[in-house]
Visitor: 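There's a structure below that I have some questions on.
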2 protein chains.
Amino acid sequence: MANIPYKIYLSEDEMPKQWHNVRAAMKELPEPFLNPATKKPCTADELKHVFCDDLVAQELNTTDEYIDIPQEILDFYRMYRPSPLVRAYNLEKALGTPAEIYYKFEGNNTSGSHKLNSAAAQVYYAKKQGLTHLTTETGAGQWGTALSMACAFYNVDLQVFMVKVSAEQKPNRKAVMETYGGKVTPSPSDTTEVGRKILAENPTTGGSLGCAISEAIEVAVKTDNCRYVLGSVLNHVALHQSIIGMETKAALDKYGIKPDIIIGCAGGGSNLAGLISPFMAGKIRGENDIEFIAVETASCPSLTRGKYAFDFGDTGKTTPLIKMYTLGSGFMPSPNHAGGLRYHGMSPIISKLYHDGYMKAVAVEQTKVFEAATMFARCEGTLPAPESSHAIRVAVDEALKCKETGEKKKIVFGLTGTGYFDMTAYSAYLNGTMTDYIPTDEDLQKGFDSLPKID
Amino acid sequence: MANIPYKIYLSEDEMPKQWHNVRAAMKELPEPFLNPATKKPCTADELKHVFCDDLVAQELNTTDEYIDIPQEILDFYRMYRPSPLVRAYNLEKALGTPAEIYYKFEGNNTSGSHKLNSAAAQVYYAKKQGLTHLTTETGAGQWGTALSMACAFYNVDLQVFMVKVSAEQKPNRKAVMETYGGKVTPSPSDTTEVGRKILAENPTTGGSLGCAISEAIEVAVKTDNCRYVLGSVLNHVALHQSIIGMETKAALDKYGIKPDIIIGCAGGGSNLAGLISPFMAGKIRGENDIEFIAVETASCPSLTRGKYAFDFGDTGKTTPLIKMYTLGSGFMPSPNHAGGLRYHGMSPIISKLYHDGYMKAVAVEQTKVFEAATMFARCEGTLPAPESSHAIRVAVDEALKCKETGEKKKIVFGLTGTGYFDMTAYSAYLNGTMTDYIPTDEDLQKGFDSLPKID
């Protein structure tokens, strides 16, 4: 076996030309979406009012394990892909662990995260269908930036509803989206019915992804030639993110590396679903025994403290019902710095895999996350996003366990993005003013009370 | 010849293991530094009070064309190098030009620029000599960030004097340096004699690189086990930056591409010197006829409107005298958004090459620069730094000339960094409040009046 370089880059020829659809390998499928009025599974036609046609087909496709990536999207991908799979030699040395640590780094593009993988695909399919406008929501801003970049490239108009607390914490994120031509509205806003309703109930709210989704959907269904696009949670987003897992697998296979543990942070769950996709299919078929770990923030613990139930995807209760781990669409997360992890629900694919015992979940507190993030930055060079740093925290913990046991486990984690726009959070950590937010059982109960009743 | 991929990455084996020293190929050398008291060439011993020993040796080395990079620095480089050489297919298409456009992208690291190439080397040599403290200045913040990263890696203390106007425009840059353990002081400050003197003369000044250099040198010479490090201008910095040119040449050679024009932005001149180094040696030897273009900001036009004269490197007049194109160390540039280009002087290597007719220089106004930057961002994806965008502007202009003439020139430019911390500038451009600053002849005369008299 050849020496493993610090960074494994695939050549353009070696880049995967297909996405991986883990549902085709699952023994039991996630429940279909339900129409909240009829409680019957949503039809493709119902979904097409919200999403463009090709994406609806991907959303409902549970049979094709590999799906060809159109050439136009491959052309976009090659602007910033392949992303490197990095051997964290310096981190290993700093920890003094016998474990091998690898991370798939998705931050080397202007959006600063993996979000571009799905943004490129979604805007391409919208353009192909002749749509001229898109709406979306964004939390930490990576998704809004990614979508602005894709919309600039394919020449489609974009309106972004940005969670108000994030818009205030990160004015530069807003400016990046505007540089790429995106129109940004802090959410909740008074420009939509659902926004006005939320503001009437809670005038000082900093907003949430759920609120912003409701506003974006309302504008999409009321505007001609317009659809809504979502950056996480949904099956077609997980599908596009499988490019991460496909590249990771190709890079590991190239050097004969067989991972023991794969770790990813989980907000809506799409990056994690994408990272593990081809490996999980192998586990389901009994071809490997990899341990998969989802890492969520202790302030918004949908997997570790939520319920596996049908729920709305948004606060305004306008989406289909989704069977997932959820804290209830009425749950209002406290202002954790990892804005991308402040979502009440979880990808139905991840939820089902977790429910069926194929993976574990861990919730971690943000001060411990930033401790790992700062250490990582200083020894590996790259400044990680707070969201990604949740995975770093658990990768470090697993590597330290190996130090105790002497095991040479191969640990792979997803480094989903960079933290350039999160310096307020880093400063709070460094000057000791960062605190941890853990919802009480009473806080959670308020969220659970918002769950719809399904007979 | 193989198809040219969108991004050419060298493998770790293909990465250059030597720096290139263009002085060894020059027919006439730049003048040596002069001791301002004696007007005699500085000796190595004099320079060693300010710089560490190995760097002084590199500074004075005019005979070795190739210099081995120590393994410890190669280990650092592989954390973020090789950087890609990108074929700007999308930009070519957007311009409708028959020209081929390539850019060497140095922004894919947390410092966001090429500065890390010299930071790694300088901190390594300081550590090797047993030094425990370093001081420096930073303008836009890339150099300070790069040096903080290198100091965190090699465990050396760092104090950064940051140009006050940049510190105010970019609080997040300061936070990044602090995350890597750097101590940041806005300059001019009241912590040094020279800072207090500058403040007494001009209490409301936003500072300049020249001021910040003076403060950093004062602290370095007054502190035990401490040296000053500079991120540009000097010969050893240009030497370290030649890794850019060496990689660019290796990547072009791999695909048999012979450049017609090479373009780089020029503040202190080190990135440009590094980019062109091996190509320029070939031109001097008559092996190629490449056109080299230095691009400076019209607000600080040292090459196009300055004098080729001996001058101090800093405002406080504490450095040796350097023969270079200069506006005078007393020149106070107006607050252009490209902070990294607001320096009164220019690399003595670039100055000499320009003086001897080996290269051209162009000065461009910032509104035209941001027009090109925004266009580039939208079609190539990457958000460029204002400094780098000066090179984009001229690359675009050259490609448009080719469109008129039908010439298929191969244009290479240096994309030195990303603009994530420059969103105030982008917003000013987008909302139409950006203005251009061009010094009057009277402004320039004030600077020239500060030039030292040399008989």
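Lettering of chains follows the sequences in order, A, B, ..., and the numbering in each one begins at 1.
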Visitor: Drop me the distance from A/T424's OG1 to B/N172's CG, to the nearest 0.5 angstrom.
Guide: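 Between atom OG1 of A/T424 and atom CG of B/N172 there are 5.5 Å.
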Visitor: Do the non-hydrogen side-chain atoms of B/T179 and A/L430 ever get within less than 4.5 Å of each other?
Guide: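 Counting from C-beta outward, B/T179 and A/L430 do come under 4.5 Å.
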Visitor: Please output the residues of residues 374-393 of chain A in contact with chain B, using a heavy-atom cutoff of under 4.5 Å, in numerical order.
Guide: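 At a heavy-atom separation under 4.5 Å, chain B is reached by A/T374, A/A377, A/R378, A/C379, A/E380, A/G381, A/T382, A/L383.
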Visitor: Between B/E12 and A/Y6, which heavy-atom pair has the shortest distance, and what is it?
Guide: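 It is OE2-N, 2.7 Å.
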Visitor: Give me the ring orientation class for A/Y420 and B/F421: parallel if the planes are under 30° apart, tilted from 30 to 60°, perpendicular past 60°.
Guide: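 Geometry flag for B/F421 against A/Y420: perpendicular rings.
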Visitor: I need the A/R81 CZ to B/K7 NZ distance, nearest 0.5 Å.
Guide: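 So the gap between those two atoms works out to 9.0 Å.
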Visitor: Under a 4.5 Å cutoff for heavy-atom pairs, which residue among A/T418, A/I8, A/N90, A/V86 has the most contacts with chain B?
Guide: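 Sorted descending by pairs with chain B, the first entry is A/N90.
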Visitor: For A/Y89, does the six-membered ring have the charged nitrogen or CZ of B/R78 within the cation-pi criterion, i.e. under 6.0 angstrom from the centroid and within 45° of the normal?
Guide: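 Geometry flag: set, cation within 6.0 Å and 45°.
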Visitor: Is it true that, when you exclude A/K174 itself, more than 12 heavy atoms of the residues, nucleotides or ligands shown sit nearer than 6.0 Å to its NZ?
Guide: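 Count not over threshold, so no.
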Visitor: How many angstroms lie between OH in B/Y426 and CD in A/E178, if you round to the nearest 0.5 Å?
Guide: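 The OH atom of B/Y426 sits 14.0 Å away from the CD atom of A/E178.
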Visitor: Using a cut-off of under 4.5 Å on heavy-atom pairs, state which of B/N108, B/D13, B/D422, B/D75 scores highest against chain A.
Guide: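 If we count pairs closer than 4.5 Å to chain A, B/N108 comes out on top.
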Visitor: Go through B/G112, B/A152, B/S11 and name the one with the most non-hydrogen pairs under 4.5 angstrom from chain A.
Guide: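 Of the options given, most contacts go to B/A152.
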Visitor: Considering only heavy atoms, which portion of B/Y180 lies under 4.5 Å from any heavy atom of chain A: side chain, backbone, both, or neither?
Guide: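 Looking at B/Y180, backbone and side chain both touch chain A.
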